[in-house]
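Following: one structure in structure tokens, then a few remarks.
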Amino acid sequence: MASFSSIIDGTRLAAGNLADFATGLVSPSLRLGVTGLSRAGKTVFITAVVNALLKGGRFPAFEALSGGRITRCYLEPQPDDTLPRFEFESHANALSGDNRHWPESTRRISQLRITVEYVPSGLLARTLGGGRLHIDIVDYPGEWLLDLPLLRTSYAEWSAATVRASRSAPRRAHAAAWHDMLAALAPSMPADEAMAIKAAGLFTAYLARCRADDVALSSLPPGRFLMPGDYQGSPLLAFAPLDIAPDAVLQKGTLGALMERRYQSYVATIVKPFFFDHFARLDRQVILVDALSALNAGAFAVRDLEQTLTAILACFRQGANSPLSALFGRRIDRVLFAATKADLLHHTSHDRLENILRLLVAQAMDRASCQGAGIDVAALSAIRATREARVRQKGETLDCIAGIPLGGETIGETYFDGHTEAAVFPGDLPKDANKALDGSLEGKLRFLRFRPPAARDGAWPHIRLDRTLEFLLGDRFK
Ligand code: GDP
């Protein structure tokens, strides 16, 4: 297997970074990647961040904003003409008014440029005049990030690993239909398009099942099978693993060779351009994690999440962000892992959630040997849909959360109509983070989807979004 550095196309990277670097000399810019698996909270997070910068709100720990040093913020046309724009206005509209609802989730990559004018905090910088920073927020599905290891994996290696994983619990239980077909497919059969399409369909259904709430697995490449973006129905996605050895050699004209060619095209046409054109140009990265769903689904889901975080960390190349390193593509200097939807827990569990994620990431860091980039962990709610309430039940006082559950949500026999407020005991996270990793929380947490809150003076309530902004952007306003 080749290492990441050996597959880096140095010239291409240097050219892309040189262009960014030259633009950065005129007016400094920061490319902030926001990723996370489907429904982790990317759209809500970006909408809340942009809204905070444009409209302000209560953000005490984000010093540039709370200290009044941010003097003006506005959206500008984005620099990359080939990328769709992040639809901030329609997402903010969805979250506003009496008919407010959660916006449509991320399905493909998009971008938004916000320009911030500020008074620098340093005396020297202040004497030199006001500062201006372009922040380019790039939103992309985390499923695509998890494809990056495919750059150094052959079709036979990927096939063998994927089939092996699908034969162990809990995946095996969801693979029956695809396994039946797999057993009937010999790699030496003549190439057959219809067969390849059928196998891809069954394989995709298996991946989707593993991703469902009750299984909640994270690491399910190839990412475009679950999150196809503009490749829905494309022949590039018409392949599937075969039951072969990692060093198998596939003969021309066979089904095996057809699958292998498609896999190689997928890597060359989809994964590689994503790496060079988008991922390798980021300066900072937030990875949003729906840790609560994994904890609720059980030990397998948590272990799988940990492996996923390890794979993600391995994607970040070492190195701090100096002008020289920017030229050579070593640019990501800050990475934040953030557990979202902390408002689904009482505040007494927020630090615990952060500690659990810290433990998962620490274990991942040991393996990924990721030096250089500053890595931090947070538990946050970008838009807080609940408040807190104490409820007495059977002589016991419970720390609950209250809000309006979305219509159709249920707890046991109770059905919510979408208008009535309810107080719910969501469960507690353990004080000792290690306890959360052994599956002992399985089925013990109770999460409902709540209606988004009304904005006050244009700002939504949040949990710890200010700390997050301070970590991601604070130093750039010094
Ligand atoms: P994406 O697929 O990563 O873009 O996920 P979204 O941002 O669309 O979020 C998916 C869903 O998670 C939303 O529709 C909300 O129901 C929920 N959600 C996201 N962020 C929050 C939050 O801060 N609090 C609560 N209570 N729910 C959230």
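Please read all numbers here as calculations on a predicted model, not as lab measurements. When a ligand or atom number is given, it counts from 1 through the structure's own listing order. Values below: all heavy atoms of this structure, side chains included; hydrogens, waters and symmetry mates excluded.
- A distance limit of 4.0 angstrom between heavy atoms and ligand 1 selects the residues Leu37, Ser38, Arg39, Ala40, Gly41, Lys42, Thr43, Val44, Trp102, Ser105, Thr106, Lys341, Asp343, Leu344, Ser381, Ala382, Ile383, Ala385, Arg449.
- Residue-environment remark: CZ (Arg85) exceeds the threshold of 12 foreign heavy atoms within 6.0 Å.
- Atom CD of Glu117 is surrounded by more than 12 heavy atoms from other residues, nucleotides or ligands within 6.0 Å.
- Counted by atom type alone, Ser105 and Arg39 present one or more donor-acceptor pairs between their side chains at under 3.5 Å.
- Using bins of under 30°, 30° to 60° and over 60° for the plane-to-plane angle, the ring pair Trp158/Phe239 lands in the perpendicular bin.
- Taking the charged nitrogens against the carboxylate oxygens, Arg464 and Asp351 do have a contact shorter than 4.0 Å, which makes a salt bridge.
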Exercise. Take Arg281 and Asp80 through the side-chain contact (heavy atoms from CB on, under 4.5 Å) test and state the conclusion after the steps.
Key: CA-CA 12 Å; Arg281 290 173 58 205; Asp80 298 87; 3.3 Å; yes
